[in-house]
Undergrad: 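Let me begin by handing over the structure; questions about it come next.
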Amino acid sequence: MEDTAAPLHERALTPDQARARFRAGERTPTAGWCEGWTQANLIAVPERLAEDLRLFAERNPQACPVLDVGEPGATSTRIFPGDLRTDLPGYRIYREGKPVADVDDVVEHWRQDLVAFLIGCSFTFEAALMRAGVPVRHVELGVNVPMYRTAVACRPAGALRGPLVVSMRPVPEHLVATAIEVSGRYPDVHGAPVHVGDPAALGIADLSRPDHGDPVPVRPGEVPLFWACGVTPQEAVMAGGVDYAIGHLPGHMAITDLRET
């Protein structure tokens, strides 16, 4: 199969080099970027809701594996020494539980009471899947991973509640066990799939209409595999009617200084 993943120069970038490109205005999903480094979801909530979010993550660990938490108002963390306001390739702002803007940076929107949570992202283990011979369709096609709201309710915590979100990757049937085994080595970035096979079992009616990201084809002889997704906290912000929050644009991740291992 032809390798149509992110160009070699993007896969070979260091996190600092990638963050500099995003700070300069590059806007793109980050699947395939910075091979060997951990990618993370961003969700920043007012300090008074930080304990709710911490408990929500604790109760829903496969969807919300917390890698790091910032101090109130801080724009960097131990694993993300860049600027959380500028060094991601896209952001989404929420007010009263509704997404109100997708923006290139959040310098003017960051507040001193915001606490940033960095939550593991499954983009981190995609290079390991490909090394094991498992194709990653959205990387091959150069599109964003498809993500779906499910009918599976997360365990609520305080103001936060809502559905589990999953990402989907189609895998040839003979490689399903390999994909489960390889991704299972990475519990801090969602680990093994939460479901294999029929999307209807998760309440997903149509794989061609993802709630976030882009659709990808499931070809004959392939099985859809579904991984818990770090967009789940953004759905919890919406379902809980949270007055203010900032998240990453789905698929446009924070690239951290943590190695993938």
Side-chain angles (χ1 to χ4, degrees), residues 1 3-8 10-15 18 28-42 57 60-68 79-80 88-89 117-148 164-197 210 212-214 216 218 222-233 248 250-261:
M1 179 181 297
D3 183 359
T4 55
L8 180 60
E10 293 174 354
R11 284 183 280 164
L13 290 174
T14 67
T28 180
T30 55
W33 281 62
C34 300
E35 185 172 330
W37 298 92
T38 297
Q39 299 198 30
N41 303 266
L42 168 68
N60 302 281
Q62 199 160 5
C64 308
V66 175
L67 300 177
D68 207 359
I79 68 170
F80 191 90
L88 278 69
F117 286 69
L118 292 175
I119 292 169
C121 172
S122 57
F123 286 174
T124 306
F125 59 62
E126 288 180 336
L129 289 177
M130 290 186 282
R131 288 193 297 268
V134 178
V136 179
R137 183 67 34 76
H138 61 275
V139 175
E140 294 173 0
L141 299 178
V143 299
N144 203 355
V145 67
M147 295 161 269
Y148 305 86
L164 172 68
V165 179
V166 295
S167 60
M168 189 279 291
R169 295 162 182 82
V171 173
E173 187 171 4
H174 70 283
L175 290 171
V176 167
T178 300
I180 293 171
E181 192 274 328
V182 170
S183 59
R185 301 174 194 160
Y186 296 83
D188 289 341
V189 288
H190 303 305
V194 295
H195 182 69
V196 174
H212 308 282
D214 301 309
V216 298
V218 180
E222 294 181 335
V223 179
L225 272 60
F226 300 88
W227 280 266
C229 177
V231 175
T232 298
H248 68 291
H252 297 61
M253 315 308 299
I255 300 181
T256 77
D257 280 6
L258 280 181
R259 298 297 306 195
E260 72 169 43
T261 53

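One is the number of the first residue; the rest follow in order along the sequence.
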Undergrad: Over all heavy atoms of both residues, which pair between Pro250 and Val231 is shortest? Give the atoms and the distance, please.
TA: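 Of all heavy-atom pairs spanning Pro250 and Val231, the closest is CB-CG2, 4.0 Å.
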Undergrad: Would you find a donor on one side and an acceptor on the other, under 3.5 Å apart, between the side chain of His248 and the backbone of Asn41?
TA: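 Not confirmed, His248 side chain does not pair with Asn41 backbone.
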Undergrad: Mind listing the closest non-hydrogen atom pair of Met147 and Gly251 along with its distance?
TA: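 Reported closest heavy-atom pair: CE-N, 4.1 Å.
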Undergrad: Side-chain contact test, heavy atoms from C-beta onward, threshold under 4.5 Å: evaluate it for Val216 versus Val143 and give yes or no.
TA: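 Answer yes - side chains close enough.
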Undergrad: As an exercise, state the distance from CZ of Phe80 to CG of Leu88, rounded to the nearest 0.5 Å.
TA: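 Going from the CZ atom of Phe80 to the CG atom of Leu88 covers 5.0 Å.
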Undergrad: List the residues meeting ring pair (Phe, Tyr, Trp, His ring centres under 6.0 Å) with Phe226, not counting sequence neighbours, and say none if there are none.
TA: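 His195.
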Undergrad: For the side chain of Asp214 and the backbone of Asn144, is there at least one donor-acceptor N/O pair under 3.5 Å apart?
TA: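 Answer holds: yes.
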Undergrad: Given side chains that start at C-beta, do those of Arg131 and Glu35 come closer than 4.5 Å, heavy atoms only?
TA: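 A side-chain contact exists here, since the closest heavy-atom pair is under 4.5 Å.
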Undergrad: If we ignore hydrogens and angles and just use 3.5 Å, is the side chain of Thr38 paired with the main-chain N or O of Leu258 as donor and acceptor?
TA: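 Yes, because the side chain of Thr38 sits within donor-acceptor range (under 3.5 Å) of the backbone of Leu258.
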Undergrad: When rounded to the nearest 0.5 angstrom, what is the spacing between CG in Asp188 and OG1 in Thr261?
TA: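 Going from CG on Asp188 over to OG1 on Thr261, the span is 11.0 Å.
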Undergrad: Does any non-hydrogen side-chain atom of Val145 lie less than 4.5 Å from one of Arg137?
TA: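 Side chain of Arg137 against side chain of Val145, heavy atoms only: no contact under 4.5 Å found.
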Undergrad: Closest approach of Ala128 and Tyr186, non-hydrogen atoms and distance?
TA: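 Closest approach of Ala128 to Tyr186, heavy atoms only: CB-OH, 3.4 Å.
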Undergrad: For the CZ atom of Phe117 and the CG atom of Asp68, what is their distance to the nearest 0.5 Å?
TA: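 Here the rounded value is 10.5 Å.
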Undergrad: May I ask you to test the Pro233-Ile119 pair for a side-chain heavy-atom distance under 4.5 Å?
TA: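 In contact.
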Undergrad: Quick one: does NZ or CZ of Arg11 land under 6.0 Å from the six-membered ring centre of Trp33, within 45 degrees of the ring axis?
TA: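 Not satisfied by the 6.0 Å and 45° rule.
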Undergrad: For the residue pair Met168 and Val218, establish whether any side-chain heavy-atom pair is separated by less than 4.5 Å.
TA: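 Of all side-chain heavy-atom pairs linking Val218 with Met168, at least one is under 4.5 Å.
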Undergrad: Could you give me the CA-CA distance, side-chain angles and deciding distance for Val196 and Val223, then say whether side chain to side chain contact (heavy atoms under 4.5 Å, CB included) is met?
TA: CA-CA 7 Å; Val196 174; Val223 179; 3.8 Å; yes
Undergrad: Checking Glu260 against Trp37 for the side chain to side chain contact (heavy atoms under 4.5 Å, CB included) test, could you report, in this order, the C-alpha distance in whole Å, the side-chain angles of both residues, the deciding distance, and whether it holds?
TA: CA-CA 5 Å; Glu260 72 169 43; Trp37 298 92; over 6 Å; no
Undergrad: Please check this pair: side chain of Trp227 against backbone of Gly191, looking for a donor-acceptor N/O pair closer than 3.5 Å.
TA: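 Side chain of Trp227 to backbone of Gly191: a pair is present.
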Undergrad: Of all heavy-atom pairs between Val66 and Ala57, which one has the smallest distance, and what is that distance?
TA: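 Looks like CG2-CB, 3.5 Å.
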Undergrad: Could you grab the distance from atom NE2 of His252 to atom SG of Cys121, nearest 0.5 Å is fine?
TA: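 Between His252 NE2 and Cys121 SG, I get 12.0 Å after rounding to 0.5 Å.
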Undergrad: Quick check: do His138 and Pro29 have side-chain heavy atoms less than 4.5 Å from each other?
TA: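 No, too far: nothing below the 4.5 Å cut-off.
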Undergrad: Provide the closest heavy-atom pair for Pro187 versus Pro65 in the form atom of the first, atom of the second, distance.
TA: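 Where Pro187 meets Pro65 most closely, the heavy atoms are O-CB, 4.0 Å.
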Undergrad: Do Thr232 side-chain atoms and Val165 backbone N/O form a donor-acceptor pair below 3.5 Å?
TA: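 Confirmed, Thr232 side chain pairs with Val165 backbone.
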Undergrad: Please report the shortest heavy-atom distance between Ala228 and His190, naming the atom on each side.
TA: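 Shortest heavy-atom contact: O-CG, 3.1 Å.
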Undergrad: Do Ser122 and Ser183 touch side chain to side chain, with heavy atoms closer than 4.5 Å?
TA: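 Counting from C-beta outward, Ser122 and Ser183 never come under 4.5 Å.
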Undergrad: Just list the side-chain donor-acceptor pairs under 3.5 Å for residues 174-182, sequence neighbours left out, or say none.
TA:
from   : atom 1 : to     : atom 2 : distance (Å)
Glu181 : OE1    : Arg185 : NH2    : 2.7
Glu181 : OE2    : Arg185 : NE     : 3.0
Glu181 : OE2    : Arg185 : NH2    : 3.3

Undergrad: Do Leu42 and Leu118 have side chains that approach each other closer than 4.5 Å (heavy atoms only, starting at C-beta)?
TA: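 Of all side-chain heavy-atom pairs linking Leu118 with Leu42, at least one is under 4.5 Å.
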Undergrad: For Gly32, is there any backbone N or O sitting under 3.5 Å from a side-chain donor or acceptor partner on Gln39?
TA: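 Checking the backbone N and O of Gly32 against the side chain of Gln39, no donor-acceptor pair under 3.5 Å is found.
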